[in-house]
Amino acid sequence: MRYLPHTDDDISGMLKVVGAGSLKELFSIVPEDCRKKEPLNLPGPLTEWELDRHMDSLAANMATMPEYKVFVGAGSYEHFVPSSVLSLLGRSEFVTSYTPYQPEVSQGTLQGIFEYQTLICRLLGSEVANASMYDGASALAEALLMAARITKRKKVAISRLIHPHYREVVNTYLWPTGYEVLELPYLESGKTDLSALDEMTELGAVALQSPNFFGCIEDLATLGQKASGRGALSIVSFTEALAYGLLRNPGSYGADIVCGEGQSLGIPQSFGGPSLGIFTSRMKYVRNMPGRLVGKTLDQAGKRGYVLTLATREQHIRRERATSNICTNQGLCALGAAMYMASLGKRGLRELAKLNYDKAQYLKGRLKEVGFKIRFDSPTFNEFVVEFPSDFGDTYNRLLDQKIVAGLALGPYYPELANHYLMGVTETKTKEDIDTLVKGIES
Amino acid sequence: MRETLGTTGLVMNEPLLWEKGGKGRCGFSMPRRDVEPSPIDEGLVGTVPDFPELSEVDVVRHYTRLSQWNYGVDTGMYPLGSCTMKYNPKVNEKYAGLPGFAGAHPLLPPSMVQGALKLMYDLERFLSEITGMDATTLQPAAGAQGELTGTMLIYAFLKSKGERRSKFLIPDTAHGTNPASVSLCDFHPVPVKSNEDGILSPEAVAEVMDEDVAGILVTNPNTLGLFEENIREISEIVHGKGGLVYCDGANMNAVMGIVEMGKIGVDVMHVNLHKTFSTPHGGGGPGSGPVCLREHLEPFLPVPRVVRENRIYRLSSDFPHSIGKVHGFYGNFGVMIKAYSYIMSMGPGDLRKASQLAVLNANYIKESLKTVFNLPYDRPCMHECVFSDKRLNVHKVTTLDIAKRLMDYGFHPPTIYFPLVVAGAIMVEPTESESKETLDQFIETCKAIAKEAEEAPELLHAAPKNAKVRRLDEVTAARQPCLID
């Protein structure tokens with residue numbers, strides 16, 4: 001097998017040095033009653049060429065661009081990724097390297113992550129960012145735990161318009177802690193009803209998602225006021241990082257923790273993972289932050305270099321009193337996001353974000369033209385909610401046969417919104433694609 | 001000694017992204033604008049983020065140069081204990097990049113994603129088989145998240161029996177994520193000391209086991225590279241008082257097809273796809289930490305689960321006792337593809353052989369270096385072995401010095417100062433990917449360094465001399481953190 005270099009001569013020579021008569025004998029220390037008696041019941045091995053065919057046939061049973069036109073966001077976004085980024089990210093010195101605990105042989109990763117931390121802070125208006133969390137959902141859960149640690153309170157309030165899966169993950173993470181998770185309802189406008197906070201006391205954190213699950217831009221100024229007024233930390237989550245290429249960032253509203261999903265920044269959708277948990281906060285909370293941090297320093301010759309730092313927060317030092325148990329995170333995805341942001345640059349970022357906004361507005365306009373109701377009138381970024389007639393299911397399925405996915409049905413997540421669909425549009429859809437969709441819906 | 005692996009080379013300086021570029025440059029092919037600009041309330045628009053402006057060439061040169069400052073498995077051996085830095089097959093990368101997988105939206109109707117669902121369903125079965133357990137969840141995104149998930153399954157199981165226990169036994173050789181994970185689940189970690197043979201004794205466990213202990217979190221083989229020989233008896237002690245056994249499967253590479261975890265009393269465990277199953281480390285992830293468990297814990301598994309009815313796959317959340325979700329979608333699917341491909345490439349016979357060769361390699365190093373470095377536990381090891389710097393301390397040379405000097409010779413250092421039970425620990429895990437020549441080169445190098453420690457210790461104190469940066473000031477980095485520019 002090409003991954004196993006040992007020849008029979010190698011093995012016999014080494015067994016002599018070790019003083020064992022056979023490979024089996026190396027395991028004589030393992031008690032008999034712990035042993036696996038039969039061979040593993042697994043398929044294979046396949047040759048590389050057989051495996052190519054097998055994997056191709058699995059991948060062929062998948063609906064993707066450009067053949068399929070998928071008009072869905074809802075936490076996973078179709079964006080173009082430059083070949084230059086894919087090529088650079090494939091360099092094996094990045095891919096096959098270990099965690100940069102030995103900084104002298106990991107400066108590539110360390111400077112790359114330092115650059116990521118910096119660019120993400122500039123995108124979100126934050127003061128410090130970590131090297132990544134698993135995804136937007138766990139980032140939010142850890143943000144709430146962090147806020148609870150800081151405020152020493154056991155109650156948090158989160159909006160019902162945060163992604164339903166994120167709320168599930170929050171509930172799972174917070175369940176053993178016994179913290180109370182209160183839900184903020186939403187208004188007819190499609191924004192969170194922050195007045196519900198007025199009844200709540202002893203809150204450690206208030207969390208919104210903006211743009212929210214309905215695609216609407218939330219009132220982050222009021223969030224900041226109400227949260228700080230109640231001694232709680234304000235947390236802004238997001239699923240579409242690209243929005244902040246256009247919209248005023250949460251940091252500028254004084255958000256304490258800004259966290260979310262960075263998959264839009266040059267990371268393939270890949271059926272939901274790996275993704276990129278972005279986690280940032282104000283500098284004053286840094287010692288309470290989960291995750292790895294890269295810092296700039298000097299070496300003994302006075303040369304600039306980068307190291308992992310503030311490790312006393314982390315599991316390998318602090319163990320049960322660590323700020324989190326996180327070890328391996330999504331490092332390569334963070335590096336990919338930095339490459340993407342570097343490629344887009346200032347001008348490209350604004351242009352691409354505005355293009356996303358405009359394409360979504362175009363679809364909105366066309367749907368309105370042919371008589372469909374845009375359910376919420378708050379401004380949105382690249383997703384919005386449409387109300388369709390109760391028999392739309394047939395149209396939807398017919399469009400699936402035509403390889404068009406006309407949005408995501410909201411009924412399963414919000415029972416009061418049966419017949420409502422969440423439509424997402426990015427720069428990957430042409431005007432023609434959008435017109436075809438509208439035509440298909442109309443007929 | 002032959003020519004050493006380490007040398008100086010053509011390594012370029014490269015500034016930070018925002019220290020280069022020029023106004024107006026862009027490295028992205030802007031998609032064609034075929035719709036009119038739409039008005040937006042100015043109050044919603046922010047100032048443009050202060051991103052650098054770089055051409056594609058700027059970006060490519062930047063990251064190409066940065067990559068050349070990194071050591072990777074493709075560069076050379078990484079004898080890092082507990083990390084299993086084995087070779088990352090390139091076909092795995094190819095399959096993860098197939099457009100059908102890479103471009104898949106997770107919320108598509110099941111009929112449109114059968115390939116992915118089948119892959120996940122099959123991988124669950126492969127991992128259940130390899131570990132000897134009844135069911136698997138692929139949702140956790142890393143080993144630590146797997147530990148948290150597994151601990152929550154135990155919490156849920158006990159709760160379903162009306163029980164609320166507050167403690168969890170953690171051996172003194174445990175990886176830091178172990179106590180951190182159980183704490184997140186509101187358990188108080190209780191340490192258990194290993195005996196003078198470096199393994200857990202049933203007496204030590206029995207002493208601390210009571211009805212307020214939810215379970216024990218063992219690593220087997222443990223972080224000293226030793227098989228926990230008393231594991232069956234220990235499991236019986238824990239089960240006897242109504243507790244459960246969690247096994248940290250980070251060291252699974254030693255025992256594939258050789259040990260059946262389900263048989264030795266393990267109730268739940270995780271495996272690390274980025275260790276045992278060859279998926280790349282990526283400089284810090286993404287990894288994947290699937291959790292494998294016995295059927296009494298199955299009802300509590302995270303949702304959704306992949307189910308199969310008449311050869312059609314779909315995702316189901318119809319499991320009322322589930323602990324919920326730990327990941328926004330289904331876990332790190334792109335990483336699962338690579339593990340799946342590895343298992344299919346190796347087959348049952350070669351997976352077992354890989355474990356055998358990993359153990360052979362570690363024992364070969366142990367025997368060859370036990371006269372060079374202090375070996376605290378002189379017994380047969382599994383896939384890794386632990387030395388210490390004790391013998392060289394007399395020359396005022398420490399584990400850190402040895403690690404830094406190894407870099408000059410072209411090797412990534414082993415894991416240092418872990419496990420905590422050995423002062424100045426040097427944990428070596430070669431993995432089965434390393435050939436005898438590479439191991440011999442590593443052994444010769446260690447001998448040369450030990451000789452230098454005796455005759456010219458200043459070479460070690462000044463190491464690494466070939467690296468681009470040398471002995472970075474980590475103290476100031478922590479005291480005056482500079483975390484962004």
Side-chain angles (χ1 to χ4, degrees), chain A residues 1 5 10 14 18 23 34 36 40 42 44-45 55 58-59 61-64 88 91-93 96-97 104-105 107-109 118 122 134 137 168 172 176 248 268 270-274 295-297 299-300 305 309 315-316 319-320 322 325 328-332 343 345-346 348 361-362 427 431, chain B residues 26-28 31 34-35 38 46 49 51 53 63 66-67 69-74 95 98 100 102-104 106 112 114-115 141-142 144 176 179-181 183 185-186 260 264 282-287 324-325 328-329 332-334 344 347-348 350 356 363-364 435-436 467 469 471 477 482 484:
Chain A
M1 205 285 157
D10 290 337
M14 290 169 78
V18 171
L23 287 173
C34 297
K36 174 128 180 81
L40 289 167
L42 295 170
M55 299 304 277
L58 284 178
N61 263 320
M62 301 289 290
T64 50
L88 289 168
R91 289 183 73 86
S92 80
E93 298 94 328
T96 71
S97 65
E104 291 97 336
V105 288
Q107 287 298 294
T109 296
T118 302
R122 293 182 187 187
Y134 309 127
E168 275 185 70
T172 298
R248 195 178 142 186
S270 207
F271 202 52
K296 197 196 283 189
T297 188
D299 81 342
Q300 59 183 198
T309 191
Q315 48 78 26
H316 57 297
R319 299 173 73 90
E320 64 268 13
N325 69 342
T328 294
N329 42 89
Q330 306 284 114
L332 194 66
S343 301
K346 199 172 195 155
Q361 290 299 99
Y362 177 71
E427 79 279 6
K431 178 169 176 294
Chain B
C26 179
F28 196 96
D34 53 4
V35 298
S38 228
F51 276 13
E53 297 183 83
Y63 287 103
L66 256 58
S67 77
W69 306 340
N70 260 16
Y71 193 95
V73 171
D74 285 5
Y95 301 140
L98 289 173
M112 298 169 93
Q114 289 292 297
S181 299
S183 291
C185 219
D186 208 34
E260 214 173 328
I264 64 180
K325 290 173 79 62
F329 293 109
N332 283 346
F333 178 72
M344 297 289 275
D350 279 337
Q356 291 176 325
N363 276 284
Y364 182 74
S435 66
K436 184 172 178 295
V469 290
R471 303 258 183 164
C482 170
I484 65 170

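In this text the structure is predicted, and so the values were computed from the model without any measurement. Chain identifiers are assigned alphabetically (A, B, ...) following the order of the sequence lines, protein sequences preceding nucleic acid strands; residue numbering begins at 1 within each chain.
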Can you tell which of B:Ala477, B:Ser67, B:Gly100, B:Gly115 has the highest number of heavy-atom pairs within less than 4.5 Å of chain A?
B:Ser67
With chain A, the option among B:Ser435, B:Ala104, B:Gly324, B:Gly347 that has the most non-hydrogen atom pairs under 4.5 Å is B:Ala104
Point-to-point distance, once rounded to the nearest 0.5 Å, from CG of A:Leu23 to CD of B:Gln356
5.0 Å
Which of the residues A:Lys431, A:Arg248, A:Glu104, A:Gln107 is involved in the greatest number of heavy-atom pairs with chain B at under 4.5 angstrom?
A:Glu104
Which region of A:Tyr362, side chain (C-beta onward) or backbone (N, CA, C, O), has a non-hydrogen atom less than 4.5 Å from a non-hydrogen atom of chain B, or is it both or neither?
side chain
Which heavy-atom pair separates B:Glu53 from A:Lys346 by the least distance, and what is that distance?
CG-CB, 3.9 Å
Would you mind checking which part of A:Thr96 comes under 4.5 Å of any heavy atom in chain B, side chain (CB onward), backbone (N, CA, C, O), both or neither?
both
Choice from A:Pro268, A:Ala322, A:Ser97, A:Gly331 maximising heavy atom contacts with chain B below 4.5 Å
A:Ser97
Which region of B:Ser38, side chain (C-beta onward) or backbone (N, CA, C, O), has a non-hydrogen atom less than 4.5 Å from a non-hydrogen atom of chain A, or is it both or neither?
both
Distance check, rounded to the nearest 0.5 Å: B:Asp74 atom CG versus A:Glu93 atom CD?
8.0 Å
Hey, what do you get for CD (A:Gln330) to CG (B:Asn332), rounding to the nearest 0.5 Å?
4.5 Å
Heavy-atom pairs under 4.5 Å with chain B - which of A:Lys296, A:Met1, A:Arg319 has more of them than the others?
A:Arg319
For the candidates B:Ser183, B:Ser181, B:Gly334, B:Gly176, which exhibits the highest count of non-hydrogen atom pairs separated by less than 4.5 Å from chain A?
B:Gly176
I need the A:Asn61 CG to B:Met112 CE distance, nearest 0.5 Å.
12.0 Å
For A:Thr328 and B:Gly287 the tightest heavy-atom approach is CG2-N, 3.9 Å
Is there a donor-acceptor contact under 3.5 Å from the side chain of A:Thr172 to the main chain of B:Lys325?
yes
Taking side chain as everything from C-beta outward and backbone as N, CA, C, O, which of these in B:Tyr364 sits under 4.5 Å from a heavy atom of chain A? Side chain, backbone, both or neither.
both
Quick check on the interface: out of A:Asp10, A:Val18, A:Leu40, who has the most heavy-atom pairs with chain B under 4.5 Å?
A:Leu40
Between B:Gly103, B:Cys185, B:Gly283, B:Gly72, which shows the greatest number of heavy-atom pairs under 4.5 Å with chain A?
B:Gly283
Check A:Tyr134 against B:Ala142 and note the closest heavy-atom contact, atom names and distance.
CE2-CB, 3.6 Å
For the OG atom of A:Ser343 and the OH atom of B:Tyr63, what is their distance to the nearest 0.5 Å?
7.5 Å
Shortest non-hydrogen contact between A:Met62 and B:Gln114, atoms and distance
SD-N, 4.4 Å
Can you name the nearest heavy-atom pair linking A:Asn325 to B:Ala144, along with the distance?
ND2-O, 2.9 Å
Flag the one option from A:Ala137, A:Gly348, A:Ala59, A:Gly305 with the top tally of heavy-atom pairs under 4.5 Å to chain B.
A:Ala59
What pair of heavy atoms forms the shortest contact from B:Pro286 to A:Leu332, and how long is it?
CD-CB, 3.8 Å
Working to the nearest 0.5 Å, report the span between OG1 of A:Thr118 and CZ of B:Phe51.
10.5 Å
Mind ranking A:Pro5, A:Pro274, A:Gly44, A:Ser92 by heavy-atom pairs under 4.5 Å with chain B and telling me who comes out on top?
A:Pro274
